[in-house]
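I have placed the structure first, in the form of structure tokens, so that the comments after it can refer back to it.
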Amino acid sequence: MNDQDLRELYQEVIINHNKHPCNKGISGPCSHTAEGDNPICGDRVSLCLNINNDKIDNISFDGEGCAISIASVSIMTKLLKGKSIASAKKLSNDFQSVCTLNNPNETALTAPEFEELNLLTSVKHFPARVKCATLAWHTLDDALRSQ
Amino acid sequence: MVNINNIRDDFPVLKRVFHGHPLSYLDTANSAQKPLQVIEKVKDFYTDSYANTHRGVYCLSNEATESYENVRLKIQAFINAPTSNSIIFTKGTTESVNLLASSLGHSLFSPGDEIILSEMEHHSNIVPWQMLESRVGIKIKVIPIFDDGSLDIEAYQRLLRGKVKLVAIAHMSNVLGTVNPIKEMVAMAHDAGALFFVDGCQAVAHMPVDVQDLNCDFYAFSSHKLYGPTGAGVLYGKYNLLENLPPYQTGGSMIQRVSFEKTTIKAPPQRFEAGTQPIVQVIGLGAAIDYITSIGFSAIQFHESELLKYAQAQLLEVPDLQIIGTAAQKSCVMSFGITDIHPHDVATFADHHGVAIRAGHHCAQPLMARYGVSAMSRASLGLYNNHADIDQLVVALHSICKFFNP
């Protein structure tokens, strides 16, 4: 881990998502909800999804936490609006496997629409922070299993 | 006077370099680094002197038993306990509290009895008592704290009017650094007919403790916060109280006679030391106590209080930084927040400058809630810290402020 890695992780886009997060504030109806937290550091997120005919019509969140966790949930909600459940699940799996270096599909996030999300994957150089970046996505997985 | 350079030479880990910076270890409240004297004692014991204790007829075993029991005597002197049989070895403060809660739960408490805790307690001095709410039907009452992190003693006085059987309070807060007026609080508890347990986990490394002067009924601390190895700790109890406590863990060593018809158990402290003990860890703890005693608390306190004053003054120069915990009686721990920058991000940047601080809820979630936050950053001092350690932290903090608010 070097200075370059730190700057990659805390890029301006991440800082901006942290300062002005997208879709903050639960706005129903919520067909699927879940709550997640990182007990070690105090990051906390609540998700509300409105899913109709297999499509995520709306997604919003509430919560507090470090810049990485807030940027991650903000970027996630921005990306998932309008996506199918299948696409959301695949994106969640791809992002988490890249961050945790667990059979990562290195080309999964190269499409232009995933540029901001791809920036977040530099968290893989900061093992203590991976859970901050993946918290929103674990919570999404729980929400998609709920009803 | 502490010769800080000589002391730092005793801690080889301080020579390590992280991200191009020498290690500035400001997390002693989490766990203390160990001096060579402790490391070598542990190694030597395993090399030349190891055997199980209280079990052998041969010389090596007798030697090991004597070395282990000598540490019990050492601890008796260290905290000025009246007798060595009032010193129980445990795996740490958490186990000490669990032992006490479990044994008191089976003997002292009845449904409706009250236990007084405080808002600043560590989870290890909250959750074991909470287990007794459902098991025994006790009620927990909580002393509030003022914004500066000091206990509201008038509120404590009012709580003592209830059906209180036990008060359980930290000697020194691991988040706020507050040093509580234990002696005064013990006297008030005894007047109300309640026993008093002190969580001394943070305090023992930074100030002399005299359990007879405090007149507390129980006192617990951990080796690893006292520059000793992990895996060992102490529970002190007034002997007449320990005699009436049932055992916690049972099995070998704590029995007199075992048969399927009837088993009899030993007197304290062996009653509470079931199975093979953390022998070498206790030997290491003895070496840690020797080390601290050779420097002396007078010199340690002078060094640490001057460093705390310097550190707090430097921290307050960082824009938008607030120190949390500003009680008049405070030691060695500085929790702080920086507006709009999460502690986890602060700690990552600090790490990048070679500085080890802690970020999170510090096993004190009720305390975090009381201050309306989910996490705090915390820098804490040990006897090996110096001005350069603080300067390195402050450089890191200025750098993170510039990064987030250019």
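Below, chains carry the letters A, B, ... as their sequence lines are ordered, and counting in each starts from 1. Please read these numbers as outputs of a predicted model, since none were measured by experiment.
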task = Evaluate whether atom NZ of K131(A) has more than 12 neighbouring non-hydrogen atoms of other residues, nucleotides or ligands under 6.0 angstrom away.
result = no

inquiry  = Rounded to the nearest 0.5 Å, what separates atom CD1 in I68(A) from atom NE2 in H344(B)?
reply    = 10.0 Å

message = Quick check: closest heavy atoms across G65(A) and H342(B), and the distance to 0.1 Å?
response = C-CD2, 3.1 Å

query = Are there more than 12 heavy atoms of other residues, nucleotides or ligands under 6.0 Å from atom CG of N53(A)?
reply = no

request  = Decide if atom NZ of K15(B) counts as having more than 12 heavy atoms of other residues, nucleotides or ligands within a radius under 6.0 Å.
outcome  = yes

ask   = Quick one: are T348(B) and R129(A) in side-chain contact, heavy atoms under 4.5 Å?
value = yes

request  = Look at K19(A) together with D340(B) and state whether they make a salt bridge at an N to O cut-off of under 4.0 Å.
outcome  = no

inquiry  = Would you say CD of E64(A) has more than 12 non-hydrogen atoms from neighbouring residues, nucleotides or ligands within 6.0 angstrom?
reply    = yes

request  = Sort I70(A) into side chain, backbone, both or neither according to what part of it lies under 4.5 angstrom from a heavy atom of chain B.
outcome  = neither

ask   = Between N38(A) and chain B, which part of the residue has a heavy atom less than 4.5 Å away: side chain, backbone, both or neither?
value = neither

request  = Measure distances from F403(B) to the heavy atoms of chain A and classify the residue's part below 4.5 Å as side chain, backbone, both or neither.
outcome  = side chain

query = Measuring from R7(A):CZ to H352(B):NE2, what's the distance to the nearest 0.5 Å?
reply = 7.5 Å

ask   = Quick one: does R44(A)'s side chain get under 4.5 Å of S374(B)'s, heavy atoms only?
value = no

query = Does any non-hydrogen side-chain atom of D345(B) lie less than 4.5 Å from one of Y10(A)?
reply = yes

